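Below is one structure, written out as structure tokens, with a few remarks after it.
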2 protein chains.
Amino acid sequence: MALSKPTDSELEILHVLWERGPSTVRQVHEQLSQTRDLGYTTALKLMQIMHEKGLLSRTEEGRSHVYIALVTEEATQRDLLDRFVGTAFRGSALKLVVQALGNSKASPAELEEIRQLLDRLDQAPEK
Amino acid sequence: MALSKPTDSELEILHVLWERGPSTVRQVHEQLSQTRDLGYTTALKLMQIMHEKGLLSRTEEGRSHVYIALVTEEATQRDLLDRFVGTAFRGSALKLVVQALGNSKASPAELEEIRQLLDRLDQAPEK
DNA sequence: CTTTATCTACGAAAAAATTCGTAGTAAATA
DNA sequence: TATTTACTACGAATTTTTTCGTAGATAAAG
């Protein structure tokens, strides 16, 4: 069964948890509210919902809860990317890559990194 | 002024119009309903809304309307990709490319195409 | 002990996106 | 001409996502 796609807000919270590691609502809210207007109980509610959905686990720590992401950043990105390639690029990962490289101002070092990845893909075409 | 991001449903309709060219609601609905359950008036309403938003233009053709996408597939993909890199990959186009290449089973020819693109980017680092 | 601060839980409003029914109209058909 | 068919327009119900206020509980501070 495929995970349900996290909403944009849920993704914001996941980012904080991935970055900070296990965190309280207070901590997550503090970080998010630096870049955007968000009430404390809004963050709380979101995290409660994410907990219900199985996206986060939590442990009691004194009178507050410490939340932990139950999905990894990598798995989530893989999943979101798959969907995105499907909906926005009609399934063509190649087109997406070309577009992404075209848009981005990648440094020579980064371009080199991609070359090396391509070489590895050539050598190991088998899954 | 930034375009507003098309919703998932709107994107589906845009795909049909990009593929078929100018089309009536009937034609769009026929195609969409092959892969998903969607009422005729739902498609109609969506296209009317998209017309109001300036995403589509339309001309009367007999007693029906022929709709045309006012945004190109390329521009839309560029815009969606920018947002997506931001929200899902925290702005790192490189990570997205690496992930996309890793997931996809690209053919040697496609890998070669990407190499050539990288070469062009090397040679023309100036915007 | 009383007040204040800090939590969670919960309900529900608000906003955004999706869906469809009904009405009205005009063309096509019987 | 009467009926059926194929459209659009429009209002509104539904669903999903986001947001927050209020209540209750417990710890900390006065």
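Only a predicted model underlies this, so the values are computations on that prediction, with no experimental measurement involved. Letters A, B, ... are given to chains in the order of the sequence lines, protein chains preceding strands, and every chain is numbered from 1. Hydrogens, waters and symmetry mates are skipped; everything else that's a heavy atom, side chains included, is used.
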>> So, does B:R26 get its side chain near the phosphate of D:dA6, meaning an N or O under 4.0 Å from OP1 or OP2?
In response: no

>> Is A:Q48 close enough to C:dC10 that one of its side-chain N or O atoms is under 4.0 Å from OP1 or OP2 there?
In response: no

For [X] and [N], give me the distance from atom [atom1] to atom [atom2], rounded to whole Å.
X: A:Q27; N: C:dT6; atom1: CD; atom2: P; value: 14 Å
X: B:M47; N: D:dA9; atom1: CE; atom2: C1'; value: 15 Å
X: A:L56; N: C:dT8; atom1: CG; atom2: C1'; value: 15 Å
X: B:L55; N: C:dA17; atom1: CG; atom2: C1'; value: 14 Å
X: A:E30; N: C:dC7; atom1: CD; atom2: C1'; value: 14 Å
X: A:E52; N: C:dG11; atom1: CD; atom2: P; value: 11 Å
X: A:H65; N: C:dT6; atom1: NE2; atom2: P; value: 18 Å

> Looking only at heavy atoms, which two atoms of B:R36 and B:S9 are closest? And how far apart?
Replying inline: NH2-OG, 4.1 Å

> Closest heavy-atom contact between B:W18 and B:T76?
Replying inline: CZ2-OG1, 3.5 Å

>> Looking at A:K5 and A:D82, is any side-chain nitrogen of the basic one under 4.0 Å from a carboxylate oxygen of the acidic one?
In response: no

> Hey, are B:D119 and A:R115 close enough for a salt bridge, meaning a charged N less than 4.0 Å from a carboxylate O?
Replying inline: yes

Using the test side-chain hydrogen bond (donor to acceptor under 3.5 Å, both in side chains), find all partners of [X] that sit at least two apart in sequence or belong to another chain.
X: B:H29; answer: none
X: A:E19; answer: A:Q31
X: B:S23; answer: B:R20

Write out a two-atom table: protein N or O, nucleotide N or O from nucleotides 23-28 of chain C, distance below 3.5 Å.
none

> Reading nucleotides 15-24 of chain D 5' to 3', which nucleotides get B (base under 4.0 Å from a protein heavy atom), which S (sugar-phosphate only), which -?
Replying inline: --SSBBBB--

Atom pairs and distances, side-chain donor-acceptor, residues 49-56 of chain B, under 3.5 Å, sequence neighbours left out:
from	atom 1	to	atom 2	distance (Å)
B:K53	NZ	B:E10	OE2	2.7

> For the hydrophobic clusters of this structure (ILVMFWY residues joined by side-chain heavy atoms under 4.5 Å, transitively), does one cluster hold both B:L44 and B:I68?
Replying inline: no

